[in-house]
**Q** 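Dropping a structure here in structure tokens format, bear with me for questions.
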Amino acid sequence: MTADFGAWTNYRIPEDRSDWHPLVGRIFEYWQSVAPAGQLPGRQHIVPEDIPALWSRMWLLDIFRDPLRYRFRLCGSLVVNSIGREVTGTWLDEVQPQTLLNPIARDRFRYTAETGMPTWRRGPSLWDRNPDHRTVESCVTPLAADGRTVDKLLGFATFYDRSGKPL
């Protein structure tokens with residue numbers, strides 16, 4: 001039986017990423033570069049010192065199953081500023097309850113967790129955020145300690161103001 005992932009079904013990262021924000025492209029390329037051959041990278045492959053300029057826009061979610069839930073392991077300062085509070089150690093569905101109600105947000109994380117496929121999106125924010133952050137461009141990548149079973153989601157976001165200017 002094929003799982004229904006709503007809008008994320010058969011979603012793939014495009015080959016042509018020239019219209020991506022350069023920092024979003026950089027984190028995706030880094031994620032690819034640390035993956036062992038034929039496997040997903042795990043948290044053990046991410047070296048914070050390799051990407052210091054990116055951490056303020058990143059978040060890391062631990063995945064819990066039965067039921068599927070996500071807990072913030074860490075959240076960068078620009079993301080915390082956008083959300084409006086520190087969220088490290090809290091459950092995603094408690095911080096942003098609309099992730100359970102909005103199929104686009106809910107299915108995106110589930111798709112990445114269950115298929116091991118990264119996702120990219122640019123569009124209106126699906127979460128409560130700073131009202132000046134009208135558009136969000138994000139990439140969510142899977143991490144798997146054993147190279148196969150996704151146990152964390154590594155996300156990255158950049159924000160755009162009302163005029164479309166990156167912040």
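None of the values given here were measured: they were computed from a predicted structure.
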**Q** Under 4.5 Å between side-chain heavy atoms, hopping through other hydrophobics if needed: is there a path connecting Val34 to Leu153?
**A** yes
**Q** If only atom types and distance count, is the side chain of Trp31 paired as donor or acceptor with the main-chain N or O of Pro142 below 3.5 Å?
**A** yes
**Q** Rounded to the nearest 0.5 Å, what's the gap from OG1 on Thr119 to CZ on Phe28? Could you check?
**A** 10.0 Å
**Q** Between Asp161 (side chain only) and Lys165 (backbone N and O only), is there a donor and an acceptor less than 3.5 Å apart?
**A** yes
**Q** Say whether Phe156 and Val80 are linked into one hydrophobic cluster, either directly or through other cluster members, by side-chain heavy-atom distances under 4.5 angstrom.
**A** no
**Q** How about Arg73: does its CZ atom have over 12 heavy atoms from other parts shown lying under 6.0 Å from it?
**A** no
**Q** Return the CE to OG distance between Met58 and Ser77, rounded to the nearest 0.5 Å.
**A** 12.5 Å
**Q** Could you measure the distance from the CD1 atom of Ile51 to the OH atom of Tyr30? Nearest 0.5 Å is fine.
**A** 5.0 Å
**Q** Can any side-chain N or O of Thr141 pair as donor or acceptor with the backbone N or O of Pro118 at less than 3.5 Å?
**A** no
**Q** Report the C-alpha separation of Leu154 and Trp59 in whole Å, then their side-chain angles, then the decisive distance to 0.1 Å, and conclude whether the side-chain contact (heavy atoms from CB on, under 4.5 Å) test is met.
**A** CA-CA 6 Å; Leu154 178 64; Trp59 69 92; over 6 Å; no
**Q** With a 4.5 Å limit on heavy-atom distance, are the side chains of His21 and Tyr160 in contact?
**A** yes
**Q** Looking only at side chains, do Thr158 and Arg57 share a donor and an acceptor under 3.5 Å apart?
**A** yes
**Q** Can you tell me how far CD1 of Ile83 sits from OG1 of Thr90, rounded to the nearest 0.5 angstrom?
**A** 8.0 Å
**Q** Rounded to the nearest 0.5 Å, how far apart are OG of Ser33 and NE2 of His45?
**A** 11.0 Å
**Q** Strictly distance-based, threshold 3.5 Å: is any side-chain N or O of Thr115 a donor or acceptor partner for the main-chain N or O of Tyr111?
**A** yes
**Q** Counting N and O atoms only, with roles assigned by atom type, does the side chain of Glu137 sit under 3.5 Å from a partner on the main chain of Phe159, one being a donor and the other an acceptor?
**A** no
**Q** Heavy atoms only: give me the nearest Leu40-Gly116 pair and the separation to one decimal.
**A** CD2-O, 3.5 Å
**Q** Please tell me if the side chains of Thr112 and Arg110 come closer than 4.5 Å, counting only heavy atoms from C-beta onward.
**A** no
**Q** Could you check Asp151 against Asp62 for side-chain contact (heavy atoms from CB on, under 4.5 Å), going step by step and ending with a plain yes or no?
**A** CA-CA 6 Å; Asp151 58 1; Asp62 289 322; over 6 Å; no
**Q** Indicate, with yes or no, if Leu54 and Leu74 share a hydrophobic cluster defined by side-chain heavy-atom contacts under 4.5 Å among Ile, Leu, Val, Met, Phe, Trp and Tyr.
**A** yes
**Q** For the CG atom of Leu60 and the CG atom of Leu143, what is their distance to the nearest 0.5 Å?
**A** 6.5 Å
**Q** Identify whether Leu23 and Trp20 are in the same connected component of the hydrophobic contact network (ILVMFWY, side-chain heavy atoms under 4.5 Å).
**A** yes
**Q** Looking only at the aromatic ring of each residue, does the gap between the centers of Tyr70 and Phe64 stay below 6.0 angstrom?
**A** no
**Q** Quick one: does Arg43's side chain have a donor or acceptor within less than 3.5 Å of a partner on Ile46's backbone?
**A** yes
**Q** Minimum heavy-atom separation for Ala113 and Val150, please, with both atom names.
**A** O-CB, 3.3 Å
**Q** Between Ala53 and Arg26, what is the shortest heavy-atom contact and its length?
**A** CB-NH1, 4.3 Å
**Q** Ignoring hydrogens and geometry, is there a side-chain-to-backbone donor-acceptor pair from Glu86 to Thr88 under 3.5 Å?
**A** yes
**Q** Establish, yes or no, whether the cationic atom of Arg69 lies under 6.0 Å from the six-membered ring centre of Trp91 and within 45° of the ring axis.
**A** yes
**Q** Under the criterion side-chain hydrogen bond (donor to acceptor under 3.5 Å, both in side chains), I'd like the reasoning laid out for Ser138 against Arg108: C-alpha separation, chi angles, the key distance, then a yes or no.
**A** CA-CA 11 Å; Ser138 62; Arg108 179 182 193 182; 2.8 Å; yes
**Q** Would a 4.5 Å heavy-atom cut-off, applied to side chains only, mark Val24 and Arg17 as touching?
**A** no
**Q** Tell me, with the steps shown, if Ile27 and Glu29 meet side-chain contact (heavy atoms from CB on, under 4.5 Å).
**A** CA-CA 5 Å; Ile27 191 60; Glu29 290 166 5; over 6 Å; no
**Q** Can you confirm whether Leu61 sits close enough to Arg71 that some side-chain heavy atom of one is under 4.5 Å from a side-chain heavy atom of the other?
**A** no
**Q** Do Arg162 and Thr135 come close enough that some side-chain heavy atom pair is under 4.5 Å?
**A** no
